[in-house]
Participant: 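Below you'll find the structure I mean.
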Amino acid sequence: MTRLEPPVLELEAVRAAYGPYRALFGVSFSVDRGAAVALLGPNGAGKSTVARVASGLVRVSSGSVRVDGRDVTGEPAWRIARAGLAHVPEGRGVFDSLSVEENLVLSFRRRAGRGEVSTSLERAYERFPALGQRRHDRAGALSGGQQRLLSLAKVLVAPPKVLIADELSLGLAPSVIDDVYAGLADARRSGTALVVVEQQIDRALALASSAVVLDRGAVVYFGPAQGARAVAEEVVARRHRVEEDAATQVGPGARPPAGREGRT
Amino acid sequence: MLSVRGLSKSFGATPAVADVDLDVAPGESVGLVGPNGAGKTTVLNCVFGQTHPDAGTVELDGHDLGRLPTWRRARLGIGRTYQRLEVFPELTVRDHLVVALRVQRHGARLWRDLLGLGAPSREELAAVDSVLDAVGLVETADVPVAALGLGACRLVELARAIVGEPRLLLTDEPSSGLDEHETRELAGLLCSLQLARGMGMLLVEHDLAMVEAVVDRVVVMDLGRVVASGGFREVMGAPAVRRAYLGVP
Amino acid sequence: MEQLLGFAVPGIPYGCAYAVFAVGLVLTYQTTGVFNFGYGAQAYASAFVFAWLVENHAWPTWAAFLCSVVILGPGLGLVFDRFLFRRIPSTNTTARVVTGLSLLVGIPALLPVIFGNGNLVGAPSIVFNPDTVYFHLGSDVPVNGIYLSAVLFAVVMLVVLVLLLRTTSLGLEMRAGVESRRLLELEGVNAPRVTATAWALCGLMAGLAGVLLAPTEVTVQAQDYVTLMVAAIAAAACAALRSMSVAAVVAVLIGVVSLTAQGYLPTSSFWYSAVLPAFPFLVLVGALLLVPGLRRLDEAKDPLSSVDPPPPPPSSRLRGREIDWIVRTGFWVLLFAFVGSMLTWMPPSWETVLNQGMAYSVIFLSVTLLTGTAGQLSLAQATLAGIAAFTAGQLARHVGLDFLAGAVLGALAASVVAAVLAVASLRLRGLGLALMTLAAALLFDVAIFPAQAVSGGTGGITLSSSWLPLDLFAPDGHAYFLLALLVLVVCAGGVALVQRGTVGRFLAAMRGSELGAAGVGVNLPWQRVLAFALSGALAGVGGALLAIQQTVIAPGEFNYQLSLAFVVIVLTTGVGTVEGAIQAGIGLVVVEQLLQYAPQRLQGLTFVLFALGALTYAAHPEGIVELEKRRWTERAERVLAHRHRSPATSSVGPS
């Protein structure tokens, strides 16, 4: 891959405090134009925090974030969004009180331009017919999975420069996950760089060209997708070993000697 | 044990659940799967009394639950976890379980509090800690839940639901937000709980590996209706299910 | 027919005035997510400044208009946004309601401080001359400039705003921003600017409303605007805070019905004297009970609320063993020093002040229990205190019951009223509950407390020393102090024990998630009624205690404004802990007393100071006192840790 142009997203030695309990310690990685990066790691490793730092939801305490070559460190989230970064947050990412159509219109006006709103709407309903059927319903009345779909429809129809999808397949039925991954592949072909946070490691790695593995707020692997699986599993396994050791070492007064029959 | 007959519910013009029949025998675990918006969560809500159905009955051990409020159903021995978290942010993990246990103890709560007898007893703490141990939350027992991540919060909800030893457990996408390792552990935990306590279970889940590992029987819903039911392998092999749910032609 | 028209048509401008405010309330709620209790106060500020410039400084009308409406109106809105509402996490409904309340309490108190006292008479009208009769409706119903400007303004405002909100992209972005500013930012929208624009727009509307409608009232007085606000709130509630058109129509109807009834009812009847003034409150209560949309207020949660860092742990949890020992010892030393000083050298004037502070502390404990522990916002705590005081007073006067025994019965009565209020509002929460309790407080203020049979008229009941066993009234004795101390210690201990016990855990669970609490089997309706009943009893005990201290029980001591101030004060100092309530009670009277030494003009500033406290409350919902305690505890722990570092390994903190 030639590196004539700068990476479209670049995090350099990013530290972020995020409440008293979770944080990032010097995270660095970059995403090239049109590339796809899988962001892996056990729960609480800081994957969501990385996504939020990149989109400006969480302030960086040191280090820098660059989008498309421009330093956006410390800029508000809306400026970063206008620079071409789209972040689909984990869980619900829609406005409950607005209708499905209003949600899409709000998004397309910025991303696709005012003139393109109606054609974008058509494309969205064509691609996700379930949304078309319920276009006038309040988004809050949709099921959890449909809301997820709506928040992905916003970005897949008008692909941005970088798309960060947090917990991509969470709560989606298998057939829909296929659709969404197909949409992501399309977006990538049209030049969108992808950062995918995903629990289903195999799916994410099948899409991605490279991978970042996080553990306790630090990068332990950044490289080709092929090598990531082993590292990610190693990290998870280590984490669980450590937890079990700690559990057996908790002070004697804290806990009566109950059996561990719960685990299988 | 649980018997749902002719359950229907619509929100506005959209029918969410239409004429659903569903049974869970004691000690049986049933998986409820289907595409997004199929009405799975609505079925759970109706069983738990958070939504009242337009038509149909929900019976527990032969008693019609009618329009009993949620808290009464919980005291009858139904436990539940939620798709969107419903934890108590300012309480510690341990206090979540203490609340769930205390509900069982009747009478004179206020007077006991005023006499300074409100602190958890040794037996209560033992019961709570054994559940925390089983779920793997011992380390964070004294942390306020607001400080925990999504995965840990799901486990807190599960622990809170099972500490009162329910006869029927309703779980709504328990694996979402958990990594593969944790999902496997959770599946094992649910299996062992079911074996040890003879607890019935209704599991809504998209992770089919987990469904296969945990359930005895699967019910597939689409557009508010039951489209198939039976053993995991035969149901997942049915062409209708493959089309509607798995997306394989 | 002619007569009906004659009574009804004058109601239209009143109705339109209500409508202008009702639409403003709905607008603010829809575009900023705040139910702006301070809307009337904003309008009042503009009207006041307008009249002040024209009357006292002889400014030309247009310049005064420019200054008071075009500059001051949006300016106030922007200030509110920048310094208050922007800092409030979108999930914190209580904070939003209370900050709105603090504006209602603060602004009318602040204006005389800035501009001097005295009512301003007869603000000039802008568009139409108020005294000119432009035409007649029917044969003999005159339509003057006031009518015309009110009607015209209401209609134009409604049309413009509905179009703005429903058809423009700014309107869409404003509505989206209410639900989640962060999600809006992710769409590439400058969400802070959208919210600021919304506030400026609402401020402009409030200013316009104030100045255009000022001539309908003879004097520019805060009280008129409060009456206006109640009718407007009732209309907005009927529209479920959602539809501006429905709000406008209901508001006009309230105006027309009130004035028509006023025309037909005999002036001496009960209906005229008690029911008519309460009419808007009855509409409000009816709406709260019946309009289903009000039960779902504030239901939309910010999906990105987890981006906010979790609330800090309470300071008591941070304390290590040594600090804990110091704090405990310090507490006892302080308590003994306090009791000792009160009994020996404290000057009587200050002893009186501190006694009053203890009585307030008991009332404030009711806020701690209800709002801090159970998470239920009640704006009727002063009313509940009043119920107990009046009950005890009347029992002593008519039955000859000992006042202390009467106080116990009074507390019971307050507890019952609170429980009834809780049962009536079981389906409401957050803002809906706040409005319901506010309506109850206003109803008592307007229709019940002024009645001769309840309070003995506006003068109130004067306590007689024969009603009390000890020399509790004696100015130089310490009997009252000891009684108040005993009551305070018992109540504070009780609340602390409840907070730590089963009931406290249940209430905390309910505060955290009603769905989750019900899901484990907590009987939510019962817990709510219990919390209200306990809180009512506490407020009642405090009210009776305050009555003994004041020796006069007057309706003015227990009005809704005090209820609002109480909640604002306690939330500002710290609503989560028992100490917070006591510090609030003592703080209130000490600040008031200290202001006695300040220039005359500043003496009404007590509430303003506490309303300013909302500045910190917005950012630190745990309260100032709790915040400072946490900071000091952390500092002290650091110092200790530093000293301990030399003798090698101490315990390892959480990773």
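All chains are named by letter (A, B, ...) in the order of the sequence lines, taking the proteins before the strands, and each is independently numbered beginning at 1.
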Participant: Identify which part of A:Val94 has an atom lying under 4.5 Å from any heavy atom of chain C, answering side chain, backbone, both or neither.
Facilitator: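 Backbone only.
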Participant: Output all residues satisfying ring-ring contact (aromatic ring centres under 6.0 Å, His included) with A:Tyr125, sequence neighbours left out; order by chain, then residue number.
Facilitator: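 For A:Tyr125, no residue satisfies ring-ring contact (aromatic ring centres under 6.0 Å, His included) once neighbours in sequence are set aside.
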Participant: Measure distances from C:Ala191 to the heavy atoms of chain A and classify the residue's part below 4.5 Å as side chain, backbone, both or neither.
Facilitator: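 For C:Ala191, the backbone is the part near chain A, not the side chain.
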Participant: How far does CZ of C:Arg175 sit from CG of A:Leu98, to the nearest 0.5 angstrom?
Facilitator: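 Reported to 0.5 Å precision, the distance equals 6.0 Å.
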Participant: Ignoring hydrogens, what is the shortest heavy-atom contact between C:Val189 and A:Arg82? Give both atom names and the distance.
Facilitator: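 Residues C:Val189 and A:Arg82, closest heavy atoms: CA-NH2, 4.4 Å.
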Participant: Among C:Leu184, C:Asn190, C:Leu172, who wins on heavy-atom pairs under 4.5 Å with chain A?
Facilitator: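 Top option by heavy-atom pairs under 4.5 Å: C:Asn190.
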Participant: Taking only residues two or more places apart in sequence or in another chain, which ones pass salt bridge (charged side-chain N to carboxylate O under 4.0 Å, His left out) with C:Arg511?
Facilitator: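 With sequence neighbours excluded, C:Arg511 shows a salt bridge (charged side-chain N to carboxylate O under 4.0 Å, His left out) to B:Glu90, given in chain and number order.
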Participant: Taking the side chain from C:Glu187 and the backbone from A:Leu106, do they hold a donor-acceptor pair closer than 3.5 Å?
Facilitator: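 No, the answer is negative, given that no donor and acceptor are paired below the 3.5 Å cut-off.
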Participant: Could you state the interatomic distance from CD (C:Glu185) to NE2 (A:His87), rounded to the nearest 0.5 Å?
Facilitator: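 NE2 of A:His87 is found 13.0 Å from CD of C:Glu185.
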Participant: For the atom pair CG (C:Leu183) and CG (A:Asp96), what is the distance rounded to the nearest 0.5 Å?
Facilitator: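 CG of A:Asp96 is found 10.0 Å from CG of C:Leu183.
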Participant: Atom CZ of residue position C:Arg635 - does it have more than 12 heavy atoms of other residues, nucleotides or ligands inside 6.0 Å?
Facilitator: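 Atom CZ in C:Arg635 is packed in, count exceeds 12.
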Participant: Could you state the interatomic distance from CZ (A:Arg110) to CG (C:Leu186), rounded to the nearest 0.5 Å?
Facilitator: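 A:Arg110 CZ to C:Leu186 CG: 13.5 Å, rounded to 0.5 Å.
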Participant: Using heavy atoms and a sub-4.5 Å threshold, report which of residues 65-80 of chain A line up against chain C, by residue number.
Facilitator: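 Those residues of residues 65-80 of chain A which have a heavy atom under 4.5 Å from chain C are A:Pro76, A:Ala77, A:Trp78.
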Participant: Does anything in residues 111-122 of chain A get under 4.5 Å of chain C by heavy atoms, and if so which residues?
Facilitator: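 From residues 111-122 of chain A, the residues near chain C are A:Arg111, A:Arg114.
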